[in-house]
2 protein chains.
Amino acid sequence: MDPATAIQPAPVLETHLGYWVRLVSNHVSGAFARELQEQGLSVAEWVALNQIGKGATVTPAGLADAMGMTRGAISKVLDKLQSKGLISRATSQEDNRVQLLALTRQGKRALPELTTIADGNDEYFFGALDANERATLRALLKKLANIHQMHNIPVD
Amino acid sequence: MDPATAIQPAPVLETHLGYWVRLVSNHVSGAFARELQEQGLSVAEWVALNQIGKGATVTPAGLADAMGMTRGAISKVLDKLQSKGLISRATSQEDNRVQLLALTRQGKRALPELTTIADGNDEYFFGALDANERATLRALLKKLANIHQMHNIPVD
DNA sequence: TATTGTTATACTCTATAACTATA
DNA sequence: TATAGTTATAGAGTATAACAATA
């Protein structure tokens with residue numbers, strides 16, 4: 001469409017900082033989600049994979065808490081990761097109700113490439129800012145996250 | 001869960017500025033979406049309502065372009081707004097294929113209250129920053145939006 | 001009884017594609 | 001033929017709730 005005749009956002013929308021945060025967030029995350037999709041993964045699957053690969057003990061309940069999702073939803077995410085051969089589930093010896101999650105050899109092999117994609121996406125979008133600007137942006141966002149106690153790892 | 005034992009994000013995630021943008025965005029937009037839900041509206045419906053109330057000529061195709069959605073999806077959003085009595089559709093005199101969208105009296109009455117909710121949500125989250133910090137954050141985000149030509153009004 | 005995890009079900013949102021009416 | 005809009009269909013994603021196994 002001719003940019004001159006394209007509909008512009010209603011003025012009230014642009015006055016909100018939330019508008020600009022969401023605009024940038026959607027573009028950055030949308031581009032990343034599309035790159036992940038080419039690898040056959042959703043963002044939720046990628047986050048879960050990272051958490052499981054972190055080293056510490058990870059269970060479905062812990063993932064659900066960390067990612068702000070229900071256990072039912074996490075269970076499906078884990079089904080997909082397992083069907084793709086990236087993770088394994090094993091019953092805990094200490095408590096037979098608990099499932100311990102771990103990367104398979106294939107999962108360990110896949111993670112670095114995915115990290116490279118994530119790094120590249122972040123660099124592509126935020127490389128437009130110089131080091132000072134990036135540090136300032138990070139500090140402001142962390143301040144907001146801290147003040148409002150934002151803890152869930154964003155997934156969608 | 002005990003914060004000391006809660007799963008923390010994998011270090012690689014927090015290194016990305018995209019992580020922090022998404023974290024803040026999800027909290028701000030999530031809180032707003034829940035407030036809208038109490039009014040029986042989705043975010044997409046609220047955005048469309050604002051665009052239609054802006055004054056200029058608005059059509060389904062124009063909304064679809066502005067909001068980055070397909071015409072089919074927009075059609076459903078408009079169905080909902082119309083069924084709630086907030087908008088009207090009228091065939092254009094100049095081109096009978098075109099539908100001109102307008103707020104009903106009820107829609108005009110509803111908009112200010114919704115704007116108050118949106119203003120309050122933004123103030124709640126970003127009021128934690130002083131005027132200088134808010135201006136800095138806005139400038140950085142607008143710079144990113146400009147450089148990467150981010151135009152779609154964020155909806156989800 | 002409480003908790004972990006899975007499964008069954010339903011709902012929301014959106015895209016794709018087929019279709020109608022008009023140009 | 002091309003365009004505006006709607007409708008039909010399907011898929012992804014997630015929540016709720018019922019369920020099974022274990023504590």
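Given the structure is predicted, the values throughout are model-derived calculations rather than measurements. Every chain is numbered from 1, with letters handed out A, B, ... down the list of sequences.
Among dT16(D), dG5(D), dG5(C), the nucleotide with an atom closest to any side-chain atom of V98(A) is dG5(C). The side chain of R97(B) sits closest to dA2(D) out of dT14(C), dG5(C), dA2(D). In the set dA15(C), dT6(D), dT6(C), the nucleotide with an atom closest to the side chain of Q99(A) is dT6(C). In the set dT22(C), dG5(C), dA4(D), dT22(C) carries the atom at the smallest distance from any side-chain atom of N96(B).
A side-chain donor-acceptor contact under 3.5 Å links D130(B) to the backbone of N132(B).
The ring of H16(B) has its center no closer than 6.0 angstrom to the ring center of F126(A).
For the segment residues 73-91 of chain B, residues with any heavy atom less than 4.0 angstrom from an atom of DNA chain D are, sorted by number, S75(B), K76(B), D79(B), R89(B).
Sequence order on DNA chain D of the closest nucleotides to D95(A) and T59(B) puts T59(B) first from the 5' end. Between T70(A) and R71(B), it is R71(B) whose nearest contact on DNA chain D lies nearer the 5' terminus.
At whole-Å resolution of the value, CE in M69(A) and P in dT6(C) are 13 Å apart. Nucleotide dG5(C) holds its C1' atom 13 Å from the CG atom of D65(A), rounded to whole Å. We find that CE of M67(B) is positioned 12 Å from C1' of dT14(C), with the value rounded to whole Å. dG5(D) atom P lies 8 Å from atom CG of L100(B), rounded to whole Å.
Note that OG of S29(A) is 10.0 Å distant from CZ of R34(A), once rounded to the nearest 0.5 Å. Between the CD atom in E45(B) and the CG atom in N50(B) there is a gap of 12.5 Å [rounded to 0.5 Å].
One hydrophobic cluster, built from ILVMFWY side chains closer than 4.5 Å, holds both L17(A) and L129(A).
Here W20(B) pairs with nothing under the ring pair (Phe, Tyr, Trp, His ring centres under 6.0 Å) rule; sequence neighbours left out.
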